[in-house]
Amino acid sequence: MAEILYDHDRIELKWEERWKSDPDLYRADASSNAPKYYVVEMLPYPSGRLHMGHVRNYSIGDALARYMWMQGYNVKHPMGWDAFGLPAENAAIQRNMHPRDWTISNIAEMKRQMHRMGFAYDWSLEISTCEPEYYHWNQWFFLKMHERGLAYRKNAMVNWCPECATVLANEQVVDGCCWRHETTPVEQRALEQWFWKITEYADELLRDTFDKLEGGWPERVLSMQRNWIGRSEGSEIDFALEGGPEKIRVFTTRVDTIYGATCVILAPEHPIARKLLDDAGRAKAKQMIDTRKQTGPGDVVKDGVFTGHYAVNPYSGDKVPIWIGNFVLMDYGTGAIMAVPAHDERDFDFAKTFGLEIRPVIRPVDGVLDENPQAAFTEYGVTENTGSFSGLPTEEARRKMNAHAEARGFGKAAITYRIKDWGISRQRYWGTPIPMIHCAKCGVVPVPEKDLPVTLPYDVKFTGKGRSPLAEVESFMNVKCPRCGTDARRESDTMDTFVDSSWYFYRYCDPRNSTAPFGSATANKWFPIDQYIGGVTHAILHLIYSRFFTKVMRDLGLIANDEPAANLFTQGMVLGSDGSAMSKSKGNVVDPEEMVGKYGADTCRLFVLFANAPEKDMPWIESSVGGPRKFVERIFRFVTRNMDREAAGDAAADRRALRKLHQTIRKVTEDFNNRWHFNTSIAALMELLNTLQDEEANLSRAALDQILPDLVLLTGPFTPYLAEELWELLGRSGPVFRQSWPKCDEAVAQEDALEIPVQVNGKLRARISAPLGASQAELEKIALADAKVLPFTEGKQVVKVIVVPEKLVNIVVK
RNA sequence: GCCGGAGUGUCGGAAUUGGCAGACGAACCGGACUCAAAAUCCGGCGCACUUCACUGGGCGUGUGGGUUCAAGUCCCACCUCCGGCACCA
């Protein structure tokens, strides 16, 4: 048969239809004895259309899934929708579309695009987090958290736009102002909200980044998580309020400097501050709280107010003034600090601004105390003027002073974390209703499990005003108290959408279960995830919340694993032509569907994988799409014109072609097994095709019959449409991804002779040819006798000759 | 400020364990085919020299040092860029 011209639409649309018509095609085999392989790509938010970041993420996962199938694994490869979220509500306000309708039509559109890309998902496992069948179990987890004391209520600040009279999400605050009222500064208001005690697991979350995830997760993700958890060891010390029963507890990492404390500073939100301040001071505190939200990090000017009250240093007995300061944070440590200007830069700054005393108490280990410091000395040293603890090195002083505080009952050694409990309440409509009821008699009462799910009402007005759209829906809000049966009101807040994505990959194991989130047996079979793949933007929040969830689920006895994913791969961002991340607001997005229309899905996938290594940010240079496109065409034409032609052949050409084939199999296999640098795998396939075309005229029928099927199989994970079409043209049956991955025959891959570079004093001077398996002595002899080497050794003394077998000869002369 | 990552041709990148720097592709230049163009095929393509030419050696992986027979790769110091955290006590 003659060469066939490549037509991407004809081939891809044909196979898309066939694949779609077989719902079992990519289903994992429940009765299989093959080892399991669970690969999950982070589920998308259905924003409307696929973007290039999705295409990159899913092309990587799809190549891997197909490869693992071909390696004989029982592969589970699901997809779903992270369907709750703010943009749906914005769409409702801005274009008068119901969030649910908007979301569902987006899902349909994106699913259509995924089919067009040829991704191998088992759609029977599809989940959508906005369906009651799914969020039912968010509510169930909420009840379990509540039972275990992991869910609690407390006052927390929310962003409030006085113009809209509504709560704003952080994303809706732009430069400290409301997104819809660009000149209206956002205020901070305290609201009772639900929190989950992730801090209870802070220590384990931190420890397991070392013990369980190192090696399987990227170092930078682990480091970001450790940073986020932010464990810090220090002391909590009580300063007694002069003339009152209260104590002010401060946290410090440098209790050894406490004799240098010249004031105590409270966060403006601190409850004691409210009592100590007069009206003017309270107004000032309120102003500090609001301004803090509006100024970006880094450019805060220190501000403070003296309360007019004093506290007593429990070590020295000194009386120190109590201030409030805008740089002291309520939600870190105890919300109060002791200021030691001589040994802390921030305190030094504060002291200079407000004229506070600077009292040095630490000298350098090999120096003297600087009585009049011009800057804070923050290093470790030796204590001075520190009562009975004077003359001690920092670490010893801390130990002894902690013990002293504990013995006297005014303090102790303490650990503080930067990570805060997870505030999950959102004053939004499009999310999971929090299954709680407020009863005037009984207080806060959980919805009984049997009454779950609490479903989201459809008929809601989106005015963009008020506390939460749900709070206005009387039929939803009015309920009988499950405990006393009197009239009560439902909680009108919904859950943070990060709750939905914290456990979705467990639901894939048992997506239609209506009596439990999933069955433990099936989860234990598939977990931990063998490979989780997603954007590095989720390195902290999603990945820490889902680790927290896994630990809670384990403690509930639902699962046996401690971590959700044994291996994590974070692909880089896709950058627009201007070098910054592709985003709608920057206007530098490239629509994948346009590319698919022009070049086909195979070329699009190949382009994305070939551009660079997948963990790196990918610069978008569309002009280079020609390479991958030509490669697809060349393979197609090469196979079709050689698939059944007569060929006499030449043994030497056959040998060279088969050698290159097997070297390529080895290379591509290694890339899959070790590092997923698909750019080099694809380069190797291009080299193979170059060699095959060089040898084409002299290849025998027998060699072609070995080469063509293997060539097609090797392209399977990257260009599934092309591979499937060629597989069929070759007269083979069964989908490509169910075939065995080609094996490298080392004997065939072996070169006939070695070509070895020869250096003199480390500089390349010649290449010699040597028989395979030549001894070191032989190589040395050939190298020394080489005509190109001789001019560099003549008249000189050969000091030594280094022979690296099969690699290189280096002659050292003097 | 702290933590992490990265700097290689005109561009994306390759060199996986210290052993031939620039694979593969893009762009560009030249040639063949064509009335012409596209497509395709063939050749060239780090820098500055040298030779009529074949060639020949020199320099070259952010900068400066070092280790080594041998350094893009290891060590020390520094510069730049990217990402995260950031008055975190």
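The sequence lines fix the lettering, A, B, ..., with proteins before strands; numbering per chain opens at 1. Being a predicted model, the structure only gives us computed values, none of them experimental. Note: hydrogens, waters and symmetry copies are ignored here, and every other heavy atom, side chains too, is used.
In this view, A/Thr416 and A/Phe251, A/Tyr332 satisfy the side chain to side chain contact (heavy atoms under 4.5 Å, CB included) rule, not counting sequence neighbours. Every residue meeting the salt bridge (Lys or Arg N to Asp or Glu O under 4.0 Å) condition with A/Arg359, not counting sequence neighbours, appears here in chain and number order: A/Asp318, A/Glu357. In this structure A/Arg629 satisfies the side-chain hydrogen bond (donor to acceptor under 3.5 Å, both in side chains) test together with A/His8, A/Glu633, sequence neighbours excluded. Listed by chain and residue number, A/Ile358, A/Pro360 satisfy the side chain to side chain contact (heavy atoms under 4.5 Å, CB included) test with A/Ala342 (two or more places apart in sequence, or in another chain). By the side chain to side chain contact (heavy atoms under 4.5 Å, CB included) test, A/Ile782 is found to be paired with A/Ile768, A/Ala770, residues two or more places apart in sequence or in another chain being considered.
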Give every donor-acceptor pair under 3.5 Å between a side-chain atom in residues 802-810 of chain A and any protein atom, sequence neighbours left out.
| from | atom 1 | to | atom 2 | distance (Å) |
| --- | --- | --- | --- | --- |
| A/Asn810 | OD1 | A/Gly762 | N | 3.1 |

Identify each donor-acceptor pair in which a side-chain atom of residues 786-795 of chain A lies under 3.5 Å from a protein atom, sequence neighbours left out, and give them as a table.
| from | atom 1 | to | atom 2 | distance (Å) |
| --- | --- | --- | --- | --- |
| A/Asp786 | OD2 | A/Lys788 | N | 2.9 |
| A/Thr793 | OG1 | A/Leu790 | O | 3.1 |

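Between A/Phe195 and A/Trp422, a ring centre-to-centre spacing not shorter than 6.0 Å is recorded.
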So which protein N/O to nucleotides 41-51 of chain B N/O distances come out below 3.5 Å?
none

So which protein N/O to nucleotides 58-60 of chain B N/O distances come out below 3.5 Å?
| from | atom 1 | to | atom 2 | distance (Å) |
| --- | --- | --- | --- | --- |
| B/G58 | OP1 | A/Arg765 | NH2 | 3.2 |
| B/G58 | OP2 | A/Arg765 | NH1 | 3.2 |
| B/C59 | OP2 | A/Lys763 | NZ | 3.1 |

Protein-proximity profile, nucleotides 11-18 of chain B, B/S/- by nucleotide at the 4.0 Å heavy-atom cutoff, equals SBSSSB--
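Among residues at least two apart or in separate chains, ring-ring contact (aromatic ring centres under 6.0 Å, His included) pairs with a member in residues 619-641 of chain A are A/Tyr6-A/Phe636, A/Phe607-A/Trp620.
Looking at the side chain of A/Pro628, the nearest of the listed nucleotides B/C24, B/G25, B/G19 is B/G25.
For B/C69, the base has no donor-acceptor partner in the side chain of A/Lys800 [N/O atoms by modelled type, under 3.5 angstrom].
Using a 4.0 Å cut-off, no side-chain N or O of A/Arg220 falls inside it from OP1 or OP2 of B/A6.
Counting only Watson-Crick or G-U wobble pairs whose defining distances are both under 3.5 Å, the stems of 3 or more consecutive pairs in RNA chain B are B:1-7 with B:79-85, B:10-12 with B:24-26, B:28-32 with B:40-44, B:62-66 with B:74-78.
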